[in-house]
Number of protein chains: 2
Amino acid sequence: MTVKAQFDHTNCDGCPIRHRAVCAHCDTDELEELEGIKYYRSFEAGQTIIWSGDQMSFVGSVVSGIASLTQTMEDGRTQMVGLLLPSDFVGRPGRETAPYDVQATTDVVMCCFRKKPFEDLMNSTPHIAHRLLQMTLDELDAAREWMLVLGRKTAREKIASLLSIIARRDASVSQKVQSGPIVFDLPLTREAMADYLGLTLETVSRQISALKRDSVISLEGKRHVTIPDMARLMDEAGDDSDGGFLI
Amino acid sequence: MTVKAQFDHTNCDGCPIRHRAVCAHCDTDELEELEGIKYYRSFEAGQTIIWSGDQMSFVGSVVSGIASLTQTMEDGRTQMVGLLLPSDFVGRPGRETAPYDVQATTDVVMCCFRKKPFEDLMNSTPHIAHRLLQMTLDELDAAREWMLVLGRKTAREKIASLLSIIARRDASVSQKVQSGPIVFDLPLTREAMADYLGLTLETVSRQISALKRDSVISLEGKRHVTIPDMARLMDEAGDDSDGGFLI
DNA sequence: ATTTCCACTTGATCTCTGTCAAAGTCGCTA
DNA sequence: TAGCGACTTTGACAGAGATCAAGTGGAAAT
């Protein structure tokens, strides 16, 4: 509700993700068409936005908050396969049912488009199709980056990798200076981190404690993280010092 | 050489991947334009097709054989992040340098397009851009499917998952009957399997021996695999019996 | 103020997979 | 035919991370 109030405009002018979302390259005419088929929806932290296997009636963009894509096996093992940040796109044009659960990790606002009209619009609007291709290629890179983390990194390196991704994202959003300590709040519970990293929550907790003990990070409370030396963290993550992470 | 001989035609009519590759939806005019910028290249098993970090002068499609995308950490740990089968696309329009090593796992023939002209053509040809989007979305699904394998499955389940993917692909290519035993040759060494699965080659070997001992598979030589009961294998892989694997 | 709850931390133990080492198999070359 | 080399299997052992089990701390509720 409080969240919704921040974004209850009905046009795209003041949209905080206007320049990064699937509509980034649209001209005024195209935006107007999009406005005709769009609507906003809010979700509370913990809510499931889309269930795996559901009919998908809409596609859309995350406007604010963080959502996650997860897969679950019959016996309950779950793996997060994507982290959706503001401007990221949800849904696949040309597919009927959702392949993954989409969950709101924090409170989330989405800009939704009715699926059928969006597909039509995409076919007639190269700007949208082209931008969606770019974004999908970026996501594919991120997924492959993550395969290395899941397949080959140690628990400590996995935690360091996740922290450096979150830190980097925060830095890129707030345009902060490269040097000096980086400070942010973890948007994920220990359990969500474990599901992302292919670990148990106990191991996540232990490794965070270890990184704290070794002064790679410091914590106030459970979630507020300070990184005194980003290069040190990236070293712990096993990446070459200004490596290829793109998120 | 013998491989090259199979595909030394210069037009697309007899192309074995014509209907599945990036050019699948092209009409005659568009194909003619593509023919103008294309050329074939052959690679021997083990050869590196593209080095990570290299300038990419071309993009293209795998015509025959199998190639792999791999990432390597400084200390030598490597993770395969994609398996490129005939019709799969290599390269990213709009990017200068290659993010991964591309290696020929078997002898490979590629249909290459000079990068710049291809990019231009893509901007003027919705058929190509649209097909590339479809293919990229499929690859993203495959990558995410694989994240579950890497993050949450046991060694035995990983092996079973890989075997069932290869079996499925073979079945889809040769249009074989669903029931009855499935037979194929493993296109990967134990080491390549290990790199794909985030395991060591010793563990791969042990788990294959275990699956053989338990009659889930049988082997002639090291590479020739028979799967008497596909449902059983999928069960070992931890997938729901006709699960979501798409490759 | 006290209780309750939830996310988190920490400890003890177990087990799966990695590591190190040796030996086996197969195809190819001399 | 022997011998070499690449690939694979198998064994013994060690260790990282999982599992099982308490226990802590802070915020909301009573």
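In the text below, chain A, chain B and the rest are named by the order of the sequence lines, each starting its count at 1.
Distance Leu211(A) CG to dT9(C) P: 12 Å, rounded to the nearest Å. In this structure, Ile159(B) atom CD1 and dT8(D) atom C1' are separated by 13 Å, rounded to whole Å. The nearest whole Å value for the distance from the NZ atom in Lys158(A) to the C1' atom in dA18(D) is 12 Å. Residue Asp185(A) contributes atom CG, which lies 15 Å from atom C1' of dA7(C) at whole-angstrom precision. Rounded to whole angstrom, the span from the CG atom of Leu150(A) across to the P atom of dT17(C) amounts to 16 Å. Rounded to an integer number of Å, the gap from Arg213(B) CZ to dT10(D) C1' is 11 Å. Note: CG (Leu219(A)) to P (dG26(D)) measures 13 Å, nearest angstrom. For the pair Asp75(B) CG and dT19(C) P, the computed distance is 10 Å after rounding to whole Å.
Look at Arg190(A) and you'll find a side-chain N or O under 4.0 angstrom from OP1 or OP2 of dT9(C). Of the side-chain N and O atoms in Ser205(B), one or more sit less than 4.0 angstrom from OP1 or OP2 of dT9(D). Residue Arg206(B) has no polar side-chain atom (N or O) positioned under 4.0 Å from OP1 or OP2 of dG18(C).
Distances from the side chain of Gln207(A) to the nucleotides dC8(C), dT17(C), dG17(D) place dG17(D) closest. Of all nucleotides listed (dA7(C), dG17(D), dG18(C)), dG18(C) comes nearest to the side chain of Thr200(B). Side-chain proximity of Glu202(B) to dG17(D), dA21(C), dT17(C): nearest is dA21(C). Comparing atom distances between the Lys222(A) side chain and each of dG17(D), dT8(D), dC8(C) picks out dC8(C) as nearest.
Among Val62(A), Thr48(A), Val108(A), Leu84(A), the one residue that satisfies the side-chain contact (heavy atoms from CB on, under 4.5 Å) test with Val102(A) is Leu84(A).
At the heavy-atom level, Arg156(B) lies nowhere under 4.0 Å from the strands shown. Contact annotation for Arg77(B): no contact, since no heavy-atom pair falls under 4.0 Å across all strands. Heavy atoms of Ser209(A) sit under 4.0 angstrom from primed sugar atoms or phosphate atoms, though from no base atom. Counting non-hydrogen atoms under 4.0 angstrom, Gly198(B) reaches the backbone sugars and phosphates but no base. Contact annotation for Leu201(A): base contact, defined as any heavy-atom pair under 4.0 Å involving a base atom.
Counting only heavy atoms from C-beta outward, the side chains of Leu163(A) and Arg168(A) never approach each other to under 4.5 Å. Side-chain contact between Arg144(A) and Glu139(B) is present, with heavy atoms from C-beta onward closer than 4.5 Å. With a 4.5 Å cut-off on side-chain heavy atoms, Leu140(A) and Thr136(B) count as touching. When side chains are defined from C-beta on, Phe43(A) does not count as touching Val109(A), because their heavy atoms never get closer than 4.5 Å.
Between Met110(A) and Val63(A) the shortest heavy-atom distance is C-CG2, 4.0 Å.
Between the side chain of Glu191(A) and the base of dC6(C), no donor-acceptor pair of N or O atoms lies under 3.5 Å.
Nearest-nucleotide positions on DNA chain C for Lys212(A) and Arg152(A) put Lys212(A) closer to the 5' end.
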